[in-house]
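Chain letters run A, B, ... following the sequence lines, proteins first, then strands; residues in each count from 1.
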2 protein chains.
Amino acid sequence: MRNKVSLKDIAQKVGVSTAAVSYALNKGKEGKVSDEMAAKIRAAAKELNYQPNQIAKSLKMGRTNTLGLILADVSNPFFSSIARVIEDEAKEHGYTVIFGSSDEKPERSWDLINVLLNRQVDGVIIVPSESSEEQILYLKEQKVPFVLIDRYFPEIPSSFVALDNHRAAYEAVMHLARMGRRRIGMLAYKTNLYHMQERKRGYQEALLDVGLTMSKNWLKEVKYGDIKNGVKNAIDGMLSNGEPIDALFFATNTLAINGLKYIDKLKLKVPDDLAIVSFDEGEAFDFYYCPLTYVRQPVYEIGKGAVQLLLDQIESSNGRIGQIQFDPELIIRKSSGA
Amino acid sequence: MRNKVSLKDIAQKVGVSTAAVSYALNKGKEGKVSDEMAAKIRAAAKELNYQPNQIAKSLKMGRTNTLGLILADVSNPFFSSIARVIEDEAKEHGYTVIFGSSDEKPERSWDLINVLLNRQVDGVIIVPSESSEEQILYLKEQKVPFVLIDRYFPEIPSSFVALDNHRAAYEAVMHLARMGRRRIGMLAYKTNLYHMQERKRGYQEALLDVGLTMSKNWLKEVKYGDIKNGVKNAIDGMLSNGEPIDALFFATNTLAINGLKYIDKLKLKVPDDLAIVSFDEGEAFDFYYCPLTYVRQPVYEIGKGAVQLLLDQIESSNGRIGQIQFDPELIIRKSSGA
DNA sequence: TATAAATAGTTAATCGTTTAAAATACGATT
DNA sequence: AATCGTATTTTAAACGATTAACTATTTATA
């Protein structure tokens with residue numbers, strides 16, 4: 001149907017072997033073929049609009065110049081921003097990206113890994129979902145180059161690019177404390193993933209360090225699959241008791257967006273009734289009537305770092321692992337009562 | 001380094017030819033191989049954790065079960081939402097997606113098309129950028145199955161999935177007029193792309209139909225490459241003159257977000273000083289102090305429709321074109337003065 | 001002049017599949 | 001026993017590239 005032009009066609013037209021064509025087109029310099037012959041071949045290639053069949057090339061060469069990218073969800077701006085950076089950085093080095101969204105489900109993530117490996121990607125960048133440890137171990141065992149981003153498993157040595165989540169949460173909460181808040185709540189996801197554990201640990205440690213004793217229902221967790229309802233119940237819980245919170249720290253942008261919508265519905269005023277700090281950024285945070293204080297993640301650096309670590313592994317093919325941890329940046333605006 | 005297990009290994013282990021293995025694994029039913037042999041082979045395959053090499057398969061079969069996706073920019077939520085839908089829908093049918101962002105630049109789009117075709121994708125879904133007509137014609141000439149989304153070229157017959165942009169703009173502006181606005185401006189992109197032309201035409205026609213004569217500087221266009229500054233100047237222009245606008249229609253979400261930030265800086269109050277309607281949706285629109293009235297695009301239906309049209313072309317391999325045009329939905333909220 | 005070295009090009013194997021065609025086995029039919 | 005038919009399995013070519021190894025030709029060297 002299409003792309004009929006192959007090495008053979010050029011060879012035929014010029015009257016040489018396909019090998020000559022291949023040499024001429026690939027190693028222009030290295031004197032495998034005379035200059036005039038090379039010129040003739042290149043002219044013919046151009047005339048026929050020859051485009052090499054990467055599939056054939058990949059099969060022979062054992063590399064596809066393709067990277068796999070497994071995100072939690074492309075439609076989440078945080079991840080799609082990273083995807084864009086990764087795309088650009090990969091292209092810069094001659095790589096194409098195949099992607100997929102795991103939806104935080106390990107089965108989907110397994111599926112994606114298999115699809116990507118069957119397609120012989122040269123390496124993978126993964127936002128690992130909960131309970132995907134065995135998948136990561138499998139990748140190691142199979143010696144597939146990979147880099148984890150956003151999260152990682154501390155007990156499994158591997159390359160990763162992430163934020164110092166503990167510190168990020170610690171500083172966010174410290175900031176709220178410094179603003180005079182004393183009953184600080186945190187809304188997180190119910191998951192064992194390390195990044196979330198670290199954020200919770202940071203929160204708790206900060207409270208401890210400023211001498212505040214945390215009430216049981218200040219730290220609530222909602223399930224990824226039931227965000228809207230979960231957020232509502234969680235916030236109700238934080239407010240209902242004898243010690244209603246006067247500040248709330250959201251562990252992700254999605255939680256913040258859902259949470260703030262509910263807080264508005266309750267007619268609570270930010271920051272007077274409730275001070276807010278969130279993770280991640282977003283246009284929505286700028287547009288909120290009281291601009292949000294948030295923990296900024298260096299999206300560009302994360303994406304770029306991930307690609308670099310990955311290409312490093314691929315190209316040096318020693319299983320050298322690299323780990324990059326970024327420091328958080330707290331963008332302080334009105335919502336935290338500053 | 002990895003994925004060492006091939007048909008040959010299974011064949012060796014069981015003591016048959018690779019052909020037998022291939023038959024057993026693929027056409028279980030069609031009695032090419034005895035049931036017991038098939039069972040033995042499948043057992044061995046499982047034991048060795050055999051994963052077929054899709055690259056080799058693709059080369060032989062002439063199809064990759066891969067779709068190419070060219071967006072203007074994955075990091076734009078409108079496009080990333082579509083990407084997610086396309087991903088899911090493609091997966092549903094056994095296809096994987098390779099993507100790229102054109103950044104509205106025809107050179108980048110050419111690049112991407114070549115990359116995708118060299119990788120032998122079975123078809124492409126494209127958000128075409130300005131001046132990419134020749135690329136589309138090339139795809140037709142090469143008989144590459146493709147579907148355009150969001151925009152299309154009316155003079156080039158092709159499959160597409162889009163919104164009735166004329167009607168969308170017409171209704172948006174009509175709504176503003178009905179709300180009593182008389183000096184309605186529109187902020188658009190400077191581009192010949194049909195969807196934008198249609199949006200402008202809808203705007204102008206609506207003004208005409210309600211008997212308003214448009215002032216020259218009510219309709220402003222900004223360049224994609226210079227949004228921030230362009231928006232600022234455009235809005236200044238709309239306000240400065242003897243006839244400052246009392247309503248503004250934004251042609252895209254990005255324009256709206258930038259525009260509203262500037263409008264806030266000017267301390268204009270929405271909707272009293274200025275009524276607003278925008279295209280597309282976004283969390284940001286919900287969070288604006290005065291929730292935005294907007295033209296909703298059926299993202300899910302667009303993505304799903306595109307994949308279906310494309311698979312149709314691929315699988316029936318007659319160049320049958322399909323065109324889907326959705327009706328807009330105006331979500332009316334406070335910003336338009338309702 | 002004989003021979004080595006450099007140059008230019010070809011042959012053929014290979015990557016991991018699929019699949020048409022040929023080969024083999026084996027029981028049934030005459 | 002010869003023949004046929006059916007079921008099963010193997011052979012080998014093909015997809016489109018790359019590349020080691022070989023051949024043939026020219027040029028340089030002793």
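Between A:N26 and D:dT18, a side-chain N or O to OP1/OP2 separation shorter than 4.0 Å is present. OP1 or OP2 of D:dA17 sits under 4.0 Å from a side-chain N or O of A:S6. Checking the phosphate oxygens (OP1, OP2) of C:dT17, no side-chain nitrogen or oxygen of B:S22 falls inside 4.0 Å.
Counting atom types as modelled, A:K32 pairs a side-chain N or O with a base atom of C:dG9 as donor and acceptor under 3.5 Å. A donor-acceptor contact under 3.5 angstrom links the side-chain atoms of B:K60 to the base of C:dT18. The base of C:dA20 is paired with the side chain of B:Y23 by a donor and an acceptor separated by under 3.5 Å.
Remark on DNA chain C: of its neighbouring residues A:V16 and B:A56, the 5'-side contact belongs to A:V16, judged by nearest-heavy-atom nucleotide.
Proximity note for A:A19 (side chain, C-beta onward) versus C:dA12, D:dA17, D:dT10: the nearest is C:dA12. Among the nucleotides C:dT11, D:dT19, D:dT9, the one closest to the side chain of A:S17 is C:dT11. Nearest nucleotide to the B:V33 side chain, out of D:dT18, D:dC15, D:dT9: D:dT9.
In this structure, B:S81 OG and A:N76 CG are separated by 10.0 Å, a value rounded to the nearest 0.5 Å.
Salt-bridge annotation for B:D9 and B:K13: absent, with no side-chain N of the basic residue lying under 4.0 Å from a carboxylate O of the acidic one.
A:S34 comes within 4.0 angstrom of the backbone, heavy atoms only, and of no base.
Atom NZ of B:K91 is surrounded by more than 12 heavy atoms from other residues, nucleotides or ligands within 6.0 Å. More than 12 heavy-atom neighbours from other residues, nucleotides or ligands sit within 6.0 angstrom of CD on A:E155.
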